[in-house]
Amino acid sequence: MKKYYLNYLDELESEAIYVLREVWAQFENPVILFSGGKDSILVTHLAKKAFYPSKIPFSLLHVDTGHNFPETIAFRDDLVEKLGVKLLVGSVQESIDEGRVQEEKGKNATRNALQITTLLDAIEANKIDCAIGGGRRDEEKARAKERFFSHRDDFGQWDPKNQRPELWNLLNGKYFEGEHFRAFPISNWTEMDVWNYIKRENIQIPSLYFAHQREVVWRNNSWIPVSDFLKLDESEEVFSKKIRFRTLGDITITGGIESDADTLEKIAEEVSTMRKTERGDRSDDKRSETAMEDRKKQGYF
């Protein structure tokens, strides 16, 4: 009998595809949370493989802060057109205009936490019962507590102590009216795994991940890109640096690192030497020791 051996990337891929197929089997109206970052792009690629030759059966849901990198939005629109999938957009600006949330003021203001209300409103309006995210356990200690199927109550909130057991790869998606789930098919992947898989599959990603020249300021121990949304102090000096981003989010809080890595091979080599998590350059996660968990309990990604 011929034996088949899977390398570790094949095993991770197989696990993620299993979770995606379980989502489709157990839920009525699931979507992929799509930010235009590498992890949501990876999840979308895995969904494409999971249901090939059919089209991806999930819509993509993007919570638009209005403070995105222009490159991210252009990449999102191009990918949606190529895949022929439906794009749902929740607008933080609309939430502000409607009085649903109040915008922060001051130098370190961010719209990141405001996404919670916009996301929960979009889930309710579109009757979404499962939102598939690209969260990984190695990113941050709060995300390390997530299950593949992560239960949310009828307020959209997460209680890390009230989750379903997942023994022998059995996933339980049962919920009561008004509740929903988040699913995390790449929970067991590391940043290094993601880059090795992107390199192997030759997955297209935004140019922001590659080293490029950009105007930045040094703030909160990170190189924050200069944009129309960034309020500068008189004491802050603008530099032109060759940087890249390890993670993408609201342009006002996403810090870059100085780098010469302008190919996938160089990025993978650089990541292999990193000792700080990729979210270490996100200003929103530096507000407190429990910043991410506090947001997740309220309904964040």
Derivation of the ring pair (Phe, Tyr, Trp, His ring centres under 6.0 Å) call for Phe75 and Phe34: CA-CA 11 Å; Phe75 184 92; Phe34 190 83; 7.2 Å; no
Should we count [atom1] of [X] as having more than 12 external heavy atoms under 6.0 Å?
X      : atom1 : result
Lys49  : NZ    : yes
Glu258 : CD    : yes
Arg100 : CZ    : no
Lys199 : NZ    : yes

So which atom in [X] and which in [Y] form the shortest heavy-atom distance, rounded to 0.1 Å?
X      : Y      : answer
Gly255 : Ser222 : CA-CB, 3.9 Å
Ala50  : Arg21  : O-NH2, 2.9 Å
Arg214 : Pro225 : NE-CB, 3.7 Å
Tyr18  : Asn169 : OH-O, 2.7 Å
Glu103 : Leu114 : CA-CD1, 4.0 Å
Ala211 : Ser259 : CB-O, 3.3 Å

Stepwise side chain to side chain contact (heavy atoms under 4.5 Å, CB included) check, Val89 with Arg76: CA-CA 11 Å; Val89 178; Arg76 178 201 71 183; 4.0 Å; yes
Between [X] (side chain) and [Y] (backbone), is there a donor-acceptor pair under 3.5 Å?
X      : Y      : result
Ser150 : Arg147 : no
Asp262 : Phe210 : no
Glu28  : Asp129 : no
Tyr197 : Leu9   : no
Asp64  : Gly66  : yes
Asp250 : Thr252 : yes
Glu94  : Gly90  : no
Asn29  : Asn126 : yes
Lys55  : Gly84  : yes
Glu179 : Phe176 : yes

Linked, directly or transitively: Ile73 and Val92 (ILVMFWY side chains, under 4.5 Å): no
Sub-6.0 Å ring centroid separation between Phe27 and Phe181: yes
Ring centres under 6.0 angstrom apart (Phe184, Trp189): no
Thinking salt bridges, do [X] and [Y] make one under a 4.0 Å N-O criterion?
X      : Y      : answer
Lys242 : Glu215 : no
Lys82  : Asp77  : no
Lys86  : Glu81  : no
Glu236 : Arg219 : yes
Glu191 : Arg246 : yes
Asp260 : Lys266 : no

Please report the interatomic distance [atom1]([X]) to [atom2]([Y]), rounded to the nearest 0.5 Å.
X      : Y      : atom1 : atom2 : answer
Ile205 : Leu264 : CD1   : CG    : 5.0 Å
Leu33  : Asp39  : CG    : CG    : 12.0 Å
Leu20  : Lys48  : CG    : NZ    : 14.5 Å
Phe239 : Trp218 : CZ    : CH2   : 10.5 Å
Ile32  : Ile41  : CD1   : CD1   : 11.5 Å
Leu170 : Glu166 : CG    : CD    : 9.5 Å

Asp97 vs Gln93, side chain to side chain donor-acceptor pair (under 3.5 Å): CA-CA, chis, key distance, verdict: CA-CA 6 Å; Asp97 294 342; Gln93 185 61 56; 2.9 Å; yes
So, [X] versus [Y]: side-chain donor-acceptor pair below 3.5 Å or not?
X      : Y      : value
Ser95  : Thr117 : no
Thr190 : Asp193 : yes
Gln115 : Thr65  : no

Row check, Phe148 ring normal vs Arg137 NZ/CZ: under 6.0 Å, within 45°: yes
Derivation of the side chain to side chain contact (heavy atoms under 4.5 Å, CB included) call for Gln102 and Ile96: CA-CA 6 Å; Gln102 185 173 358; Ile96 294 170; over 6 Å; no
With heavy-atom distances below 4.5 Å as the criterion, would you say the side chains of [X] and [Y] are in contact?
X      : Y      : answer
Arg244 : Ile267 : yes
Ser59  : Leu87  : no
Ile56  : Thr44  : yes
Gln26  : Phe149 : yes
Tyr209 : Lys38  : yes
Val31  : Leu60  : no
Arg182 : Cys130 : no
Phe245 : Ile243 : yes

Stepwise side chain to side chain contact (heavy atoms under 4.5 Å, CB included) test for Val23 and Ile132: CA-CA 8 Å; Val23 169; Ile132 307 164; 3.8 Å; yes
Thr254 and Ile224: CA distance, side-chain angles, deciding distance, side chain to side chain contact (heavy atoms under 4.5 Å, CB included) verdict: CA-CA 6 Å; Thr254 302; Ile224 303 296; over 6 Å; no
